[in-house]
Visitor: 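Handing you a structure now.
Just so you know, ligand 1 is whichever comes first in the structure, and atom 1 is the first atom listed for that ligand.
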Amino acid sequence: MSHVDSIVIVGAGTMGSGIAFAAASAGLSAVVIDVHEPALGKAKDYHGKTAARSVEKGRLLEADAKGLLGRIRYEKDLGAAKGTRFAIEAASERVDLKKDLFRRLAEVALPDAVLATNTSSISITEIASSVGAHADRVIGMHFFNPVPVMKLVEVIKGLATSDSTVERTIALAKTMGKTPIPANDRAGFVSNRVLMPLINEAFFAWMEGVARPEDIDEIMKLGCNFPMGPLRLADFIGLDVCHDIMMVLHRELGDPKFFPCPLLRQLVTAGRLGDKTGRGVYDHAR
Ligand code: NAD
């Protein structure tokens, strides 16, 4: 098994930039690739600020912060993935986009490279169908936001994923200080299959007037020992993301219990998407 000390991350958004920071914190080199130049600038800014905060709080020495930041490179072209042993795709959640990226990644990466996707809801087997004979090297590597803090990595095996690909993915997750846990390729894997219906049900409870949103959240916090109530969590994740994942669960698993709550749909239609737009269930601008 070849040791990985450098990885490529495709997509420099919330997740890609977090994965790059976690990798560099663990001593790995990371090349972050994004077609959208401002996303690269934003990622670089986030990395600088996060490292500076760690120095301020005494968690990181100034010299180590410099070293960490020096291990991250920012590139616009997918050609920068040439010769990589391990690529993690964290681009936008669109199936055609991901399939196209994997086709191109398979051409530039080393012939035995692991090609991982951070998708929340798209089938690993479907993404792997775009790379033909290379499907054994495609795997789900599902990180959680914020990546530098969250320990879990759900490792999802597609139909053709080889044992060696699983082992190398688990090894990389451990190198990054994460806890990898295996799951199979069914819609939503485990995390979203269980979490999203819970969030959806909280919207139903609110819509039916069972309790006020802040009371639903407080009840779940105190009653279930959740660090955050489900409606507050929905604002953090993004109401549009929650809605889209429910639609995938509904389509793929075919059970009406996965249909998004009408109130959730309505808030999305109104542009109330949560923290990112300043208003969702709660008003964050105040
Ligand atoms: P995001 O919108 O913050 O970032 C996506 C980035 O992909 C953007 O910067 C965009 O410019 C870039 N991109 C689009 N097309 C590209 C291409 N052809 N080549 C390179 N880059 C391209 O999204 P995100 O929240 O970081 O999510 C990324 C992935 O991670 C999605 O698959 C999502 O489902 C998954 N995910 C998200 C979360 C979360 O909480 N946000 C958690 C787990 C998994």
Visitor: Output side-chain donor-acceptor pairs under 3.5 Å for residues 126-143, partner residues at least two apart or in another chain, one line each.
Guide:
from: Glu126; atom 1: OE2; to: Lys99; atom 2: NZ; distance (Å): 3.4
from: Ser129; atom 1: OG; to: Glu126; atom 2: O; distance (Å): 2.5
from: Ser130; atom 1: OG; to: Lys99; atom 2: O; distance (Å): 3.3
from: Ser130; atom 1: OG; to: Ile127; atom 2: O; distance (Å): 2.6
from: His134; atom 1: ND1; to: Arg137; atom 2: NH2; distance (Å): 2.5
from: Arg137; atom 1: NE; to: Pro111; atom 2: O; distance (Å): 2.8
from: Arg137; atom 1: NH1; to: Ala113; atom 2: O; distance (Å): 2.5
from: Arg137; atom 1: NH2; to: Pro111; atom 2: O; distance (Å): 3.0
from: His142; atom 1: ND1; to: Glu154; atom 2: OE1; distance (Å): 2.9

Visitor: Looking at Lys221 and Asp215, is any side-chain nitrogen of the basic one under 4.0 Å from a carboxylate oxygen of the acidic one?
Guide: no
Visitor: Classify the side-chain pair Asp185/Thr125 by whether it contains a donor and acceptor separated by less than 3.5 Å.
Guide: yes
Visitor: Among all residues two or more places apart in sequence or in another chain, which pass the ring-ring contact (aromatic ring centres under 6.0 Å, His included) test with Tyr46?
Guide: none
Visitor: Is a salt bridge present between Asp100 and Arg104, judged by a nitrogen-to-oxygen distance below 4.0 Å?
Guide: yes
Visitor: Ligand 1: which residues have a non-hydrogen atom closer than 4.0 Å?
Guide: Val10, Gly11, Gly13, Thr14, Met15, Ile33, Asp34, Val35, His36, Ala39, Ala90, Ala91, Ser92, Glu93, Leu97, Lys98, Leu101, Asn118, Thr119, Ser120, His142, Phe143, Asn145
Visitor: Give every residue pair that meets the salt bridge (Lys or Arg N to Asp or Glu O under 4.0 Å) criterion with at least one member in residues 38-49, sequence neighbours excluded.
Guide: Asp45-Lys49
